[in-house]
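Here's the structure, in structure tokens; my notes come after.
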Amino acid sequence: FVVTPINSLAFISWTSTLGAAVGALRTGGEVDWAEVRTRTQKQLRTELPELLAYSCCFWPVAHSLNFAFVPLPLRIVFMSACSVGWGGYLSFCANR
């Protein structure tokens with residue numbers, strides 16, 4: 001719960017900035033950093049609370065299932081699969 005806000009903020013900021021830079025490279029144009037900043041701030045205000053809420057719902061359940069039902073040798077595999085799923089959800093949120 002301590003690192004989640006920082007990671008989510010960094011992820012949204014990074015994908016927004018990188019998306020603007022890649023878009024400019026594809027079109028051969030310049031990046032309007034003021035627009036990128038405004039868009040990133042708007043996205044953070046709309047997406048960050050939702051990501052934090054879903055994270056607080058997803059990870060405790062994933063960890064509970066992991067410790068309650070997954071055999072010891074498969075726990076790392078299970079949590080890795082959960083992380084891949086969570087990463088997919090983050091990408092979906094960042095690119096809606």
Side-chain angles (χ1 to χ4, degrees):
F1 293 114
V2 175
V3 179
T4 300
I6 296 167
N7 282 345
S8 297
L9 184 137
F11 182 82
I12 291 172
S13 299
W14 174 252
T15 55
S16 180
T17 304
L18 189 62
V22 168
L25 284 173
R26 285 184 181 162
T27 61
E30 298 264 335
V31 178
D32 182 4
W33 293 111
E35 180 187 334
V36 172
R37 180 178 174 199
T38 304
R39 187 178 59 210
T40 302
Q41 288 173 342
K42 180 183 175 192
Q43 193 174 16
L44 284 171
R45 279 192 299 273
T46 59
E47 299 289 336
L48 192 59
E50 179 183 334
L51 283 178
L52 295 177
Y54 285 145
S55 176
C56 289
C57 294
F58 177 78
W59 286 111
V61 172
H63 285 290
S64 296
L65 291 173
N66 187 39
F67 289 120
F69 300 111
V70 179
L72 186 61
L74 298 176
R75 286 185 180 169
I76 293 174
V77 174
F78 177 76
M79 291 311 294
S80 295
C82 291
S83 294
V84 168
W86 183 250
Y89 178 73
L90 286 176
S91 294
F92 170 75
C93 287
N95 295 301
R96 299 187 221 204

Test item: Ser16 side-chain N/O and Ile12 main-chain N/O as donor-acceptor pair under 3.5 Å: no
Short side-chain to backbone donor-acceptor contact, Glu47 and Ala94, under 3.5 Å: no
Pairs meeting criterion ring-ring contact (aromatic ring centres under 6.0 Å, His included) with involvement of residues 25-55, two or more places apart: Tyr54-Tyr89
Val61 versus Cys57, closest heavy-atom pair with distance: CG2-O, 3.3 Å
Verdict with supporting geometry, Phe58 and Cys82, side-chain contact (heavy atoms from CB on, under 4.5 Å): CA-CA 9 Å; Phe58 177 78; Cys82 291; 4.0 Å; yes
Single-linkage hydrophobic cluster Val36~Leu44, side-chain heavy atoms < 4.5 angstrom: no
Other ILVMFWY residues reachable from Leu25 by side-chain steps of under 4.5 Å: none
Inter-residue atom distance Leu48.CG - Glu50.CD, 0.5 Å rounding: 10.5 Å
Separation between CD of Gln43 and OG1 of Thr38, rounded to the nearest 0.5 Å: 12.5 Å
Sequence-distant partners of Phe78, ring-ring contact (aromatic ring centres under 6.0 Å, His included), two or more places apart: none
For Trp14, the rest of its hydrophobic cluster, which grows through side-chain links under 4.5 angstrom: Leu18, Val22
Leu90 side, atom CG; Asn95 side, atom CG - distance, nearest 0.5 Å: 10.5 Å
ILVMFWY clustering at 4.5 Å (side-chain atoms), partners of Ile6: none
Ser55 side-chain N/O to Leu51 backbone N/O, donor-acceptor pair under 3.5 Å: no
Validation: residues 66-77 side-chain donor-acceptor distances under 3.5 Å, sequence neighbours left out:
from  : atom 1 : to    : atom 2 : distance (Å)
Arg75 : NE     : Asn66 : O      : 3.4
Arg75 : NE     : Val70 : O      : 3.2
Arg75 : NH2    : Phe67 : O      : 3.3

Interatomic spacing from CH2 in Trp86 to CE in Met79 - rounded to 0.5 Å: 12.0 Å
Closest non-hydrogen atom pair between Ala24 and Val31, with its separation: CB-CG2, 3.2 Å
